[in-house]
Amino acid sequence: LRFILEKMKIMCWQRHLKNALQKAGERLIVLGIGREEYGDDAVGIEAIRSLWQVLPPDDGVSVLYAGTSPENLTGLIRTYRPDAVLMIDAVEINAIPGTIRLIDWKDTVNFSAMGHSLPLSMFAQYLSEEVRCKVLLLGVQVEQAVMFAPMSDTVQKSIQHLVEGVRRAIEARNEEEMLQLTIDHQVVSAREGETILEAARRHQKFIPGLCHLDGLSPVGSCRLCLVEVEGQPGQVTACTTKVQDEMVVTTCSDRLRSQQRMLLQMLFASGYHVCAVCESNGACELQALAYRLGVTHLQFEQRRAVQPLDLSHDRYGFDPNRCVLCTRCVRACSEVEGAGIWTVMERGSESIVAPGSGDNWAAAVDCTQCGKCVAACPTGALFDKRVSTAEMKKDCAILERLKQHQEATL
Amino acid sequence: MTDKLTFATAWLDGCSGCHMSLLDVDEFLVDLVDLVDIVYSPLVDTKVFPEHVDVTLVEGAVSNVHDLKLIRQIRAHTTFLIALGDCAVTGNIPAMRNRFDVQAILDDVYQKKAITKDVRPVKEVPSLLAAVRPIHGIVRVDLTVPGCPPSATVIRYVLTELLAGRMPDLTHRAHFG
């Protein structure tokens, strides 16, 4: 019975570890915690010594010697920005000596830390809250932790199991998460559930786009990120299409490029864009894409009559003539800020973004004045009245940061 | 003299900033006059656009009858026509009057806001077109070089490439505004 129990526990922690690492993300830190020449308390140290030998280098995994003071490594850990930190340490959990268990760090308060300088729970809490990574503790029940004592045979054996289990969990993570696809004749790896745009960006491939913004839900409305997928008729939007194994994607054929140039020109012509007198001149995504794709003039006439500006808000201004209908402001306001004052009014070619019930911005009483819509706007349609052209630099990345913070605190 | 390329520049409805930027190519001007003859320009004395010009740089939008006549003349006598600067390429600032009626603009300037009333320059100043157009809205253009103004670096690049017999690639180089 003892044997079966022990076997079951080993199986359990391996499965849990595998699941936890798969969910966590790519970057992992393994910390070996413990005291050398102190009997079984050296288990964490011995484990990482073996891991150094069995793990392939540069695999998104960093194995670190933490000794008795893991808190000394906090600076290093912060810089590495891990998705998960796996601590290996000797524990006293009233189990059969040598038992390996994956423990939630929140439970570490309930058992005695093995005489290290700072309670492990405090360190784990710090990692979880400040570094915002997943924290896991792989504990091994000690048999004897006495100064200058050798390690017990039971725990020695457990180390082999532990190292093998961790190695498998890390490898499984790579195997099951990574898909292979071809983007512009280059074979690249991608994670399951990732969009073509995300995969392409991670591999430094340029796909133009205006409506996509990290931190906001993708809508695929600007059509600039259309790509060709072999075997599929027509084209798909890279920002909303998930990668599939063996997918063959083309992002920069002559046809796509001329189509993108055409779309950009239509966006320019659908509004009223006079760069020379625009607050966002030099900080405009529409303009930047034109430069990048070589749009030097417009074949089309300006389509719509010039509309009046909305300068009713205390801090911000809205120029509908510079709006490209990307709806980033609409999504930033409803998804991140939760106020939802921006809406798309009218239909078809008459569509226009408007605050509140469409009167003016000052009349939209739900506006919290947060300015997220301004930060999200790719052009000069939404601007800060207090900022001059030279100072205009929008921080779109703030939405991604806020969204991550929201998710972490939920 | 005869084997040199002929070169012209013209100034339509613009602020002359593009010509200033052209002058900003500094010592390259010396190389340029070795390679080309500048046969017509606000910078030289010729009054009539010549019979044949190899390359013409045009600054400014087409906004009055004089511009219209000149740009048609230029096109007819030029092999390679370059629209230089945002006004020539998009209409830019001059085209901002397109939202108003021409008569209303003239009334405002020469009636309502004028100190001396009822003095409208009819003969001295060419009459305005109903709408300001970029050059490619009137005639065929071979290359558009945006910028307000295009930087001297871009102008130098464009001219160097053309003199070397290559078509300039303005991807990443040209800037609006």
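Residue numbers start from 1 in every chain, and the chains themselves are labelled A, B, ... in the order their sequence lines are given, proteins ahead of strands.
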Would you say [X] has more than 12 foreign heavy atoms packed within less than 6.0 Å of its [atom1]?
| X | atom1 | result |
| --- | --- | --- |
| A:His185 | NE2 | no |
| A:Arg202 | CZ | yes |
| A:Gln307 | CD | yes |
| B:Asp26 | CG | yes |
| A:Trp361 | CH2 | yes |
| A:Glu230 | CD | no |
| B:Met167 | CE | yes |
| A:Arg347 | CZ | no |

I need the [X] [atom1] to [Y] [atom2] distance, nearest 0.5 Å.
| X | Y | atom1 | atom2 | answer |
| --- | --- | --- | --- | --- |
| B:Arg173 | A:Thr296 | CZ | OG1 | 13.0 Å |
| B:Phe176 | A:Leu286 | CZ | CG | 9.0 Å |
| B:Thr171 | A:Arg257 | OG1 | CZ | 10.0 Å |

Begin with the C-alpha distance, continue with both residues' side-chain angles, and end with the deciding distance and a verdict on side-chain contact (heavy atoms from CB on, under 4.5 Å) for B:Met96 and A:Val306. CA-CA 10 Å; B:Met96 289 174 89; A:Val306 178; over 6 Å; no
Residue, of B:Thr90, B:Leu170, B:Ile93, B:Asn92, that accumulates the most heavy atom pairs under 4.5 Å with chain A: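 Answer, by heavy-atom pair count under 4.5 Å with chain A: B:Asn92.
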Report which part of A:Ala290 has an atom under 4.5 Å of a heavy atom belonging to chain B: side chain, backbone, both, or neither.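 Looking at A:Ala290, just its side chain touches chain B.
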Where along residues 130-152 of chain B does a heavy atom come under 4.5 Å of chain A, listed by residue number?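 B:Arg133, B:His136, B:Thr144, B:Pro146, B:Cys148, listed by number.
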For chain A, which residues from residues 12-24 of chain B lie under 4.5 Å away (heavy-atom distances)?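 Residues in range: none.
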Please rank A:Ala288, A:Cys278, A:Cys284, A:Gly294 by heavy-atom pairs under 4.5 Å with chain B and give me the top one.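 Of A:Ala288, A:Cys278, A:Cys284, A:Gly294, A:Gly294 has the most heavy-atom pairs under 4.5 Å with chain B.
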